[in-house]
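Comments concern the structure below.
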Amino acid sequence: MKYDFARIEQKWQKIWMEQKPFAAVTGDSRPKFYGLIEFPYPSGQGLHVGHPRPFTAMDIICRKKRMEGYNVLFPIGYDAFGLPTENYAIKNHIHPAIVTKQNIQRFRSQLQMLGYSFDWDREIDTTDPNYYKWTQWIFLKLWENGLAYKATMPVNWCTSCKCVLANEEVVNGVCERCGSEVIRKEKSQWMLRITKYAQRLIDDLDDVDYIERVKIQQRNWIGRSTGAEVDFQTTAGDALRIFTTRCDTLFGATYMVLAPEHPYVKKWKDQITNYAEVEAYVDEAAHKSDFERSELNKEKTGVKLEGVRAINPVNGKEIPIFISDYVLVTYGTGAIMAVPAHDERDWEFAKKFGCEIIEVVKGGDVEKAAFTLKDDTGIMVNSGFLDGLTVKEAIPTMTKWLEEQGIGKEKVNYKLRDWVFSRQRYWGEPIPMVHCPKCGWVPLPESELPLLLPNVESYEPTDTGESPLSKMTDWVNCKCPKCGGSAQRETDTMPQWAGSSWYFLRYMDPHNDKELASKEALEYWSPVDWYNGGMEHTTLHLLYSRFWHKFLYDIGVVPTKEPYQKRTSHGMILGEGGEKMSKSRGNVVNPNDIVDQYGADTMRLHIMFIGDFEKAVSWSNEAVKGSKRFLDRCWNLADQCADDEAISPRNEAIIHKTIKKVTSDIDDLKMNTAIAALMTMVNEFYANGCTKGDVEQLLLLLSPFAPHMVEELWEVKGFAAKYGKMACQMPWPTHDESKTVEATVEMAVQVCGKLKATVQVPTDSDQETVVAAAMALEKIAKLADGKQLVKTILVPNKLVNLILR
RNA sequence: GCCGGUGUGGCGGAAUUGGCAGACGCCAGGGACUUAAAAUCCCUUGUUGGAAACAGCGUACCGGUUCGAGCCCGGUCACCGGCACCA
């Protein structure tokens, strides 16, 4: 009997497609399990070897859950709107919808080739109008609830994509997608008020089971800090409000700084005597890219506002006001009080511009460097009523004083910004809003959804920063839904993150044309029990979708506060040299090649065996052989086992141990050690000989990993006929703890903590027995000769440590 | 700079969280089968000394706690990831 993987895999994939053993049943009385993987972007290159890692892991988990009696929802779909498709379409003059269709077709067949147990009847595609109808619907709800708004503000503009980017899409000052320069551009944009949810996005992390680094990264990104807002009177008449986390240092505030974009700069035009100089600086700052502005160790620049001064509220002193680009208009109030003695940036600026430096916390030499405390035990000086207090005491004292005086109050700030939601590109969901000269922005009525993406002549982005849709005058010009007058549609589209922000809900009820999903389906399947995805989405997709979900919860659409109960993350697959796989390096591994050469089961097994799931790992074509060899050995074992249908006594312990290990390892996402345990078991079977009953247990344990081969053997060995079920429909094996123990154990014998020998003793031997057995060893007897046993440490069934003097 | 993470054979990686370091696999070497090769099977494989029994040294580095440390504590170095003028 030959292991003809190509024939076997094709055969079983066909059977699974026809018999649908992996269909999820809404409302079933079994406990439910919803396992989710991040749906792929159907790129033109097809499946990358990185895809099968998370997909296979979740497939294994879901297959095991089904065998454990769960009603499992394990769906697949395509996140198909996006720039690469659009760019490809532009270059090759094909409509992006056609390109998308082709790419999806390719992805689908590749996914099927790997034997994943998806419920194929629930497949979704974010570019399908039946899908994006509901993406648009959610947008309308956001608008209705005041969470979507249009605002003109400086935004990140990618010079190459010719498109705005969300804050989350700018990495080190460049576009996360194409790596091109990002500049600041004043544009009118649709925004989503994610900041309103900042606190809840932090708080509710406590209730979910995400790996810690995901929680930490999200918390850092949201960037909560507690401080105070304080009003400084100015000679211009307006009070200048600042945010500080260190109100205890107010007595050391010797000047103030405004961001160049701060509205007071323009407002005070007439009072600023050097306005020309100020204006020149503002202008210069406006033309700098994000990258230039955030350049490290850049020397501080700025201009003093002559003619206007501020008054420090704690001591009535007049202090100068500057503008400088080291103060960000987007954070806090866009203005700061500068305490050069205790802030490095302020210190540097003060030294350059000759500002006064007043020490208010003892401990450093503020003429040499800013004294910034790591802890808050420093003692206040030169600070009037705060003198002698620790920083820790001074902060609440000052906050209280500010509140009493009515010039300040406690305030929490977040680094998180509202989500810039419009894109000046074609291949995205149209935003269902109409601008009417009389009524302003008017939402489309729900009955008009989906608002279809029209066919256009050209998808080229424009240099003016307008969407390609803006050239479609027939489409753009419309009637105002409110007053019936002539109006114009919004021509920007939604970002790629829109469709993926709620797709896991659609899987629950993918064909519903009345609602995004039925109440029943949402109640039954929510929340996603286990979501695995990439770390790169932690502050993008994962955060965005939590935000949308919380909103949908607030308006009563979904039953849970959080979309995902558990989140894990896989490491990247690197090229052979440990470098990132890329076309330019020529080290990209195509899963098809591996499947052609070794089969899908080997591919699946190997990608799981290759290393710690959470860590990056280099791909090795050589090492794949080991996984194939193992499957060959399993195949041959089934071929040559004894006919006995019972588990053989010789293999009973190893079988029960392996069941225990594989079961817990899959739950812990340690597929590599689960496979190692299966290999060990097979090695023992070869050494001991095995029965058909032993092989049956092996097949069940192996079935989530190598499902095609297992089903074939299951059938060939007559188990399918015997039970009337496929292996994937069998109950998962359970272990009997008492049967995992062997009659005797080998224990380590240490003398004074050093390993000297090993000894075979009956399992659970007491100290006396073990010591006696150890002393009976010639070597130990020799070492003990003339010495006294002063102490014995026994670790049952593991080791004995004899302290000899 | 701040926040995380990781350092174990030639390589990928194990080690039930304080109890025989190197499971499992790859590579390599030797052998069997074969006319031959592939495949398969068996053996060896951390390192140093030794023919061997055996002995010494070994989990990035230095120190500590402990009968016992890859694991805990203090310090140092290196690499990876995230954030970065956030007041």
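Just so we're on the same page: letters track the sequence lines, and every chain starts at 1. The structure displayed is predicted, hence computed values, not measured ones.
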Check: With nearest nucleotides of RNA chain B determined for A:Asp325 and A:Gln217 from heavy-atom distances, which residue corresponds to the more 5′ nucleotide?
Finding: A:Gln217
Note to self: Would you say A:Tyr326 places a side-chain N or O within less than 4.0 Å of OP1 or OP2 belonging to B:rA87?
What the structure shows: no
Next item on the list: Quick one: look up who B:rA23 pairs with, Watson-Crick or G-U, both distances under 3.5 Å, and put none if it's unpaired.
Entry: none
Note to self: With a 6.0 Å cut-off on the ring centroids, do A:Tyr598 and A:Phe5 count as close?
What the structure shows: no
Next item on the list: For B:rU59 and B:rA14, measure between their C1' atoms and round to the nearest Å.
Entry: 12 Å
Notebook entry, point to check: If the C1' atom of B:rG25 is compared with that of B:rA37, how far apart are they to the nearest Å?
Noted result: 25 Å
Next item on the list: With heavy atoms under 4.0 Å as the rule, sort A:Val327 into base, sugar-phosphate or nothing.
Entry: base
Check: Is the phosphate of B:rA55, meaning OP1 or OP2, less than 4.0 Å from a side-chain N or O of A:Lys779?
Finding: yes
Notebook entry, point to check: Taking the C1' atom of each, how far is B:rA87 from B:rG12, in whole Å?
Noted result: 47 Å
Notebook entry, point to check: Does the separation of the ring centres of A:Phe630 and A:Phe609 fall below 6.0 angstrom?
Noted result: no
Note to self: Determine whether A:Phe322 and A:Tyr255 satisfy the following criterion, ring pair (Phe, Tyr, Trp, His ring centres under 6.0 Å), listing intermediate values before the conclusion.
What the structure shows: CA-CA 8 Å; A:Phe322 292 82; A:Tyr255 63 100; 5.5 Å; yes
Margin query: So, OP1 or OP2 of B:rC24: does either fall under 4.0 Å of a side-chain N or O from A:Asn672?
Written below: no
Margin query: Could you identify the nucleotide paired to B:rA36, looking across every strand shown and requiring Watson-Crick or G-U wobble geometry with both distances under 3.5 Å?
Written below: none
Check: For the side chain of A:Asn683, counting heavy atoms from C-beta on, which of B:rC27, B:rA15, B:rG25 is nearest?
Finding: B:rG25
Check: Can you tell me how far P in B:rU40 sits from the matching atom in B:rC26, rounded to whole Å?
Finding: 10 Å
Next item on the list: Would you tell me if any nitrogen or oxygen in the side chain of A:Arg629 comes within less than 4.0 Å of OP1 or OP2 on B:rU40?
Entry: yes
Note to self: Looking at B:rU17, which nucleotide sits across from it as a Watson-Crick or G-U wobble partner, both distances under 3.5 angstrom, or is there none?
What the structure shows: none
Checklist line | Assigned glycosidic conformation for B:rG9 [threshold 90° from 0] | finding: syn
Note to self: For a quick test of reading the model: is some side-chain N or O of A:Arg633 closer than 4.0 Å to OP1 or OP2 of B:rC41?
What the structure shows: yes
Item checked: Any strand: nucleotide that pairs with B:rC41 via Watson-Crick or wobble, under 3.5 Å -> B:rG31
Note to self: Which label fits A:Phe349 and A:Phe353: parallel for a plane angle under 30°, tilted from 30 to 60°, or perpendicular past 60°?
What the structure shows: parallel
Next item on the list: Determine the Euclidean distance between corresponding P atoms of B:rA23 and B:rC11; express it in Å to zero decimal places.
Entry: 15 Å
Notebook entry, point to check: Using atom C1' of each nucleotide, how far apart are B:rA32 and B:rA39 to the nearest Å?
Noted result: 14 Å
Next item on the list: Tell me whether the OP1 or OP2 atom of B:rA87 has a side-chain N or O from A:Lys300 closer than 4.0 Å.
Entry: no
Next item on the list: Quote, to the nearest angstrom, the P distance that separates B:rC61 from B:rA78.
Entry: 15 Å
Checklist line | Identified pairing partner of B:rU76, criterion: Watson-Crick or G-U wobble below 3.5 Å | finding: B:rA60
Check: Which sits closer to the 5' end of RNA chain B, A:Thr673 or A:Gly332, going by the nucleotide each is nearest to?
Finding: A:Thr673
